[in-house]
Amino acid sequence: MFTSRSTKILKYLLVHNKATLKEVSKNFKVSERTIRYEIEKINEELKEKNNEEIVLIRGEYLIKNKEKILEILNQNNTYIPSAGEREIFILLKICLTREIKQSTLSEILDVSKSTIKSHLREIRKILNGYNLKLEILARKGLVIVGSEEQIRQCTLKAITLVKKEKSKFLDDVLKRYLNEIDQAGIKLFINYCQKLMEKIISDEAYEIILKYISLVIYFNKYDKKINNIKNSNFLKNTMEYGAVIRSKALLEGFYEMEFSEDEYLKITDYFLGSHTYNISYSYYENWVEIEIIVKNFIEKINKELEVNITNDETLILGLINHIKPTIYRIKNEIELENTIYEEVVESYPKLFTLVKKGVEELENFINIEFTNDEIAFLTIHFKAAIDRNIKTKKEKLKILIVCGSGYGSSKLLAQQIKELYRVEIVDTIPRYLLEKVERRKDIDLILTTVSLQDYKTTKDIMKVNSILSKEDIQNLDSYPIPRDNKKIVFSQLIKVIEENSMIKVDDKLLEALKNFLDTKLIDDICQKKSTIFDLLPENRIILKGKATNWEDAIREAGELLLKDECINKEYIDEMIKIVREFGSYILFVPGVIFPHAKVKSKIKKTGFSLVLYKDGIEFLENNKINIVVCFSSKNGREHLDGLVKMIENFEENNLLKKIQRCKSSKEILKLIGK
C-alpha cells in the first residue's frame with residue numbers, strides 16, 4: 001500500500017516524464033535522501049504488484065510503462081492511518097524490532113516529526129507500565145530497554161490493541177512480521193499439552209497462548225531469549241510444566257529450533273493463567289486461603305439474596321476454578337481480550353453491584369483490584385447458582401454448546417437452556433475443538449455464541465448470546481424444542497414415598513433419586529454437613545507434644561490421622577515435602593500451622609488432628625508455633641466448613657492463649673466448636 005507521499009511522487013513522474021533527484025526533492029521540499037528512500041519503497045511495492053519499477057538513467061528518474069503504473073495507482077487507494085492507528089503501529093514496531101528512528105517513522109507514516117514525538121510521549125506511558133524505557137543510541141535511534149519477559153508482555157498488549165482496532169492497515173503490518181510462522185506446529189503442541197494435562201482451555205486463553213508461542217519462535221530467531229523466570233521453583237513442580245516438557249519435541253521438531261528451560265517455564269506460566277473448561281481442575285494445590293475466602297465470599301453474597309446458595313457445590317468449585325487462574329493472570333499481567341461487562345451490567349445490574357462489593361476481601365488479599373470484566377465473569381457464576389436453586393432444569397433434545405468466553409459463560413448458557421427447554425446438553429466446548437466432534441451422532445443442534453460461518457456441517461446451528469435475549473428465546477421457540485416447566489420438590493417426593501410404602505429413604509436412595517431426577521428436581525433437603533466435632537474427635541488431640549522441630553511436629557500430628565485410618569503413611573511425608581518447597585504458607589494464623597496435602601491416592605477419609613506445644617517450636621522465616629492442626633480431605637470440600645470456622649475462631653477469639661490453658665481434649669473441642 002502506497003503512502004500519500006509515494007502516490008504524489010508517482011503522479012509527479014507520470015506528468016513530468018523524467019526528473020532528477022534534486023528536482024524531485026526541491027518540488028516536495030524534503031531532502032534528496034528522503035526521496036531516494038521513498039523511491040526504494042515505491043519500487044518494492046511496484047515489483048510486488050506487477051514487476052514494474054522507477055528506473056534511474058543518467059541521473060534522471062523515469063517510468064517506462066506509464067499505462068501499467070497508472071493502472072496500479074488507480075487500484076491503490078491511499079490509506080491515511082488515524083492517530084490511534086499510528087500509535088499502535090509505532091508500539092508494535094518498537095516491540096518487534098526493538099529499535100526505531102523518528103525520521104523513518106515520520107516518512108513511513110507521512111507525518112511531521114513533532115507528531116511522532118507526540119505519539120512517543122503516549123507510547124512511553126504504556127512502556128512505563130511494563131518497566132520499559134526508550135533510550136537513544138548512536139546510529140540506532142531509539143532502543144527499547146527492559147527485561148525480555150516484560151517486552152514480550154508489552155508485545156502481546158500491542159497485538160491485543162491491533163485486534164481491538166479492527167484496522168486492515170495494522171493487520172497487514174502484523175502479518176508482515178508474524179505471517180512466516182506456520183501456526184500448525186503451535187496448535188499441535190498446545191493440543192497435546194492439554195491432553196497430557198487433562199484439561200480444555202477456553203478459546204480466548206487458547207488464542208493468547210497461541211500468540212505468545214508465536215512470539216517465542218519469532219524472538220528466538222533473532223536471539224532474543226528469556227532468562228531468570230520468576231517463581232521458577234514453583235513452576236517446575238507443577239503438573240503443567242511436566243506436560244509442557246513432555247510435549248516440547250513436537251514444537252522443536254516442527255520449527256527446527258531449540259528453546260531454553262526458561263522459555264518452557266514461561267509457556268507453563270501462560271497455561272496456569274488460562275481459563276479452563278474442567279471444573280475439578282485446581283493448580284494451586286495448597287492455596288487453602290483462596291478456598292476459605294471464596295466460602296466467605298459466597299456467604300456474604302448469600303445474605304443479600306432471597307435464595308440460599310451456600311451449599312451449592314457447583315458454585316464453590318466453579319468460583320475456585322475461575323478465581324485461581326484469574327488471580328494468577330492479574331499478578332502476572334496476562335490480559336484477556338474479550339469482555340462481557342456491558343452485557344452483564346445491562347442484564348443483572350443489582351447482582352453485578354453486589355458481587356463487586358462482595359469481592360473486596362479477595363482484592364485485599366491479593367492487593368490488586370479486580371477489573372469490571374473479571375467481576376462480570378464472577379457475576380455469571382452467581383447468576384447460574386441462583387437459577388439452579390430456584391428453578392428446575394429440562395432435558396431431552398441433544399445440544400452441543402460452543403462458547404469462546406470460558407467455563408462460566410458456557411455454564412450459564414447451558415443453565416438457561418435447560419431451565420426453559422426439555423434438552424440434554426451433551427458437551428460445552430471452545431470453538432477450536434468443534435471439528436473434533438463433527439462425527440458424533442448424539443448431537444441434534446449446535447448452539448454457539450461465536451461465529452461459525454466458516455464451519456461446514458450437516459447439523460443444525462443456531463447463534464445465541466451467552467445471556468439469552470428475547471430474540472434468542474423466540475428463535476429457540478421456533479425450533480422444535482418442547483418447553484417443560486414442571487418441577488418436583490424433593491422433600492414432598494420423599495414424603496410421598498415414605499407415607500405410601502414400607503421404604504425408609506436413606507442417604508443412598510436420596511443420592512440415587514437426585515441423580516435420576518437431575519435437573520427436574522428442586523432440592524430443598526439440606527445435606528448434613530460434617531461439623532468440627534465429627535472431623536476432630538478427642539482421640540486425635542494431644543495436649544503435650546513431644547516434637548522439638550517443625551518436621552517432627554507435623555509427623556506427630558500426622559500419626560494421629562494415620563492411626564485413625566484417615567491417611568496412608570506417605571501422606572505425612574508429602575505434607576513435610578510441600579512445606580519445604582513452598583515455605584510457610586500453612587501458617588494461617590500466628591502460632592498455628594495447618595499442614596495438609598492434596599494427594600487423593602493417600603487419603604482414606606476427611607479428618608483433623610491437633611497437637612499442642614506449650615513451649616513453642618521454631619518454624620520457618622523466624623516464626624514460632626504452638627499448635628499443629630493437620631487435616632486430610634477426601635473430596636477437597638468436606639474439610640472446608642470446619643477449617644473456616646476454626647481459623648475464624650483463632651483470629652477473632654484469641655483462641656491460641658485459651659487453648660494453651662486447657663487441661664483436656666474436651667475443653668479444646670468446646671473452644672474450637674463455638
Which pair of heavy atoms, one from [X] and one from [Y], lies closest together, and at what distance?
{"X": "Cys95", "Y": "Ile151", "answer": "O-CG2, 4.2 Å"}
{"X": "Phe254", "Y": "Ala184", "answer": "CZ-CB, 4.0 Å"}
{"X": "Ser214", "Y": "Gln183", "answer": "OG-NE2, 3.4 Å"}
{"X": "Ser82", "Y": "Glu165", "answer": "OG-OE2, 4.3 Å"}
{"X": "Ile126", "Y": "Cys154", "answer": "CG2-SG, 4.5 Å"}
{"X": "Ser106", "Y": "Ser112", "answer": "OG-C, 3.8 Å"}

Does atom [atom1] of [X] have more than 12 heavy-atom neighbours from other groups under 6.0 Å away?
{"X": "Tyr37", "atom1": "OH", "result": "yes"}
{"X": "Lys459", "atom1": "NZ", "result": "yes"}
{"X": "Ile136", "atom1": "CD1", "result": "no"}
{"X": "Arg33", "atom1": "CZ", "result": "no"}

CD1 of Ile446 to CD1 of Ile399: how many Å apart, nearest 0.5 Å?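 Spacing of CD1 (Ile446) from CD1 (Ile399) equals 11.0 Å.
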
Could you grab the distance from atom NZ of Lys398 to atom CD1 of Ile425, nearest 0.5 Å is fine?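 Taking NZ in Lys398 and CD1 in Ile425, the distance rounds to 11.5 Å.
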
Closer than 3.5 angstrom, by distance alone: can the side chain of [X] be matched with the main-chain N or O of [Y] as a donor-acceptor pair?
{"X": "Asn43", "Y": "Ile54", "result": "yes"}
{"X": "Asn27", "Y": "Glu23", "result": "no"}
{"X": "Tyr255", "Y": "Ile186", "result": "yes"}
{"X": "Arg152", "Y": "Tyr212", "result": "no"}
{"X": "Gln416", "Y": "Ser466", "result": "yes"}
{"X": "Glu87", "Y": "Ile123", "result": "no"}
{"X": "Glu60", "Y": "Lys18", "result": "no"}
{"X": "Glu99", "Y": "Gly141", "result": "no"}
{"X": "Thr449", "Y": "Val464", "result": "no"}

Compare all side-chain heavy atoms of [X] with those of [Y] and state whether any distance is below 4.5 angstrom.
{"X": "Asp460", "Y": "Asp444", "value": "no"}
{"X": "Ile267", "Y": "Phe259", "value": "no"}
{"X": "Ile200", "Y": "Gln194", "value": "yes"}
{"X": "Val244", "Y": "Leu265", "value": "no"}
{"X": "Thr238", "Y": "Phe271", "value": "no"}
{"X": "Val344", "Y": "Asn372", "value": "no"}
{"X": "Arg86", "Y": "Ile116", "value": "no"}
{"X": "Ile94", "Y": "Leu132", "value": "no"}

Which of parallel (below 30°), tilted (30 to 60°) and perpendicular (above 60°) describes Tyr218 and Tyr177?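 Rings of Tyr218 and Tyr177: perpendicular, over 60°.
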
Hey, can you tell me if Phe89 and Phe169 have their rings parallel, tilted or perpendicular (30° and 60° cut-offs)?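 Ring orientation, 0 to 90° scale: tilted.
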
Val402 pairs by side-chain contact (heavy atoms from CB on, under 4.5 Å) with which of Leu447, Leu413, Leu434, Ile461?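 Only one of Leu447, Leu413, Leu434, Ile461 forms a side-chain contact (heavy atoms from CB on, under 4.5 Å) with Val402, namely Leu434.
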
May I ask you to say whether [X] pairs ionically with [Y], meaning some side-chain N is under 4.0 Å from a carboxylate O?
{"X": "Glu180", "Y": "Lys221", "value": "yes"}
{"X": "Lys266", "Y": "Asp269", "value": "yes"}
{"X": "Glu85", "Y": "Lys168", "value": "no"}
{"X": "Lys41", "Y": "Glu44", "value": "no"}

With side chain to side chain contact (heavy atoms under 4.5 Å, CB included) as the test, would you mind laying out the steps for Ile100 and Leu120 before giving the verdict? CA-CA 11 Å; Ile100 55 165; Leu120 286 171; 4.0 Å; yes

Enumerate the residue pairs fulfilling ring pair (Phe, Tyr, Trp, His ring centres under 6.0 Å) with a member in residues 426-448, sequence neighbours excluded, ordered by first and then second residue.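 Counting only pairs at least two positions apart or across chains, the ring pair (Phe, Tyr, Trp, His ring centres under 6.0 Å) contacts touching residues 426-448 are Tyr206-Tyr432.
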
Could you work out, with side chain to side chain contact (heavy atoms under 4.5 Å, CB included) as the rule, every residue matching Leu161, not counting sequence neighbours?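 Ile88, Leu91, Lys157.
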
Audit row: Leu96, Leu215, side chain to side chain contact (heavy atoms under 4.5 Å, CB included) steps and yes/no: CA-CA 9 Å; Leu96 290 170; Leu215 292 180; 4.2 Å; yes

Take Lys93 and Leu105 through the test side chain to side chain contact (heavy atoms under 4.5 Å, CB included) and record every step on the way to the result. CA-CA 10 Å; Lys93 198 164 182 66; Leu105 287 174; 4.2 Å; yes

Go through it in stages, so that I can follow the logic: the residues are Ser147 and Gln150, the test is side-chain hydrogen bond (donor to acceptor under 3.5 Å, both in side chains), and I'd like the CA-CA distance, side-chain angles, deciding distance and then a yes or no. CA-CA 5 Å; Ser147 76; Gln150 293 286 10; 5.0 Å; no

Decide side-chain hydrogen bond (donor to acceptor under 3.5 Å, both in side chains) for Asn220 and Glu263; before the verdict, give the C-alpha distance in whole Å, the side-chain angles of both, and the deciding distance to 0.1 Å. CA-CA 10 Å; Asn220 269 260; Glu263 295 288 5; 3.0 Å; yes

Trace of the side chain to side chain contact (heavy atoms under 4.5 Å, CB included) decision for Lys383 with Phe352: CA-CA 9 Å; Lys383 177 64 174 73; Phe352 177 85; over 6 Å; no

